[in-house]
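Report on the following structure.
Proteins get letters first, then strands, A, B, ... in listed order; numbering begins at 1 in each.
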Amino acid sequence: MFMNTPSRQERPGGDNLVARLRSGDGSAFEMLVRTQTPALLRVARRFMHSEEDARDALQDAFISAFRSIGAFEESAQISTWLHRIVINACLMRLRTQRRHPEEDIEKYLPKFLEDGHQAEPSAPWCETAETVLQRTELCGLVRRCIEQLPDTYRVVLLLRDIEELPTEDVAQMLGVTPNAVKIRLHRGRQALRALLDPHMRDIA
Amino acid sequence: MADRPYLPCTEIIGFLADYLDGELSPERKLEFERHLAVCPSCVAYLETYRETIRMARATTNGPRIPIDDAPEDLIRAILSVVK
């Protein structure tokens with residue numbers, strides 16, 4: 001019978017649960033899906049552009065996970081393992097539905113004069129991450145600005161700054177060089193900064 | 001060192017991520033900080049760049065963002081294909 005609160009032995013990542021999953025125990029699958037779906041759906045929503053795509057990616061991920069449960073190393077946390085599988089499922093879906101042509105990021109990058117100075121001086125912001133968190137509309141604004149980034153840069157920003165994966169891991173996941181990851185991350189952050197700038201400036 | 005030309009803003013902004021990650025050589029870091037000491041525009045860019053990262057992290061992954069209950073229809077759909 002399904003239990004809402006896993007016992008200590010059957011918590012996600014517990015040896016007993018993994019053994020039951022490997023033996024094809026249906027109630028173990030159900031427990032894993034029920035306990036892990038909320039957090040994993042949240043991850044998929046970050047990457048995908050629609051709720052439907054996020055749900056489809058999560059479904060892909062669980063299918064992939066259950067097919068490869070034999071490869072799960074018991075020293076790892078099953079939640080961490082699933083998290084990575086969800087990200088890979090999202091990346092796979094994003095690759096197949098990539099928008100053509102992708103928006104040019106150049107327009108969001110800073111411009112410089114011939115002498116190397118910034119063409120338009122930068123100004124401080126009146127908002128901080130802490131003040132933004134206290135205002136629902138600003139939280140939504142930041143998320144919409146992230147969503148506006150071209151996928152090439154948005155995905156790297158999510159993987160590096162939000163998921164906090166190492167550069168080398170991201171490079172491997174995307175099939176690019178670590179240097180390409182660094183460049184995309186810097187440009188993605190610059191573009192996001194440019195999108196936020198008019199809303200965050202200290203205009204007092 | 002005082003007689004040497006300052007790095008241009010292009011160099012500061014181009015290598016900002018390396019500066020924040022502590023990946024610049026000690027000499028290069030000194031040149032960066034020499035520029036920042038006289039360029040409020042680059043200081044503002046640096047601070048807002050850093051705040052951009054913090055805002056992105058806080059609004060998408062912060063401890064105060066609640067995790068919704070999993071939709072039952074989604075759970076049933078997943079279980080129907082994996083069980």
Atom group of [X] that falls short of 4.5 Å from chain B, counting heavy atoms:
X: A/E127; result: both
X: A/L196; result: side chain
X: A/F66; result: side chain
X: A/I162; result: both

Worksheet entry | Steps toward salt bridge (charged side-chain N to carboxylate O under 4.0 Å, His left out) verdict (B/D18, B/R28) | CA-CA 10 Å; B/D18 293 334; B/R28 185 84 169 158; over 6 Å; no
Response to the item:
With A/D60 as partner, the option from A/R55, A/R93, A/M92 fulfilling side chain to side chain contact (heavy atoms under 4.5 Å, CB included) is A/R93
Should [X] and [Y] count as side-chain neighbours, where that means a heavy-atom distance under 4.5 Å?
X: A/V132; Y: A/L141; result: no
X: A/R135; Y: A/T131; result: no
X: B/L46; Y: B/F32; result: no

Worksheet item: Among B/T48, B/I12, B/T10, which residue forms the greatest number of heavy-atom pairs with chain A at distances under 4.5 Å?
Response: B/T48
Worksheet item: Measuring from B/M55:CE to A/E130:CD, what's the distance to the nearest 0.5 Å?
Response: 9.0 Å
Worksheet item: Is chain A contacted by the side chain of B/E72, its backbone, both, or neither, given a heavy-atom distance below 4.5 Å?
Response: side chain
Worksheet entry | Contact leader toward chain B among A/Q118, A/H117, A/R46, where contacts are heavy-atom pairs under 4.5 Å | A/Q118
Worksheet item: Based on non-hydrogen pairs under 4.5 Å, which of A/I63, A/L138, A/D197 is most in contact with chain B?
Response: A/I63
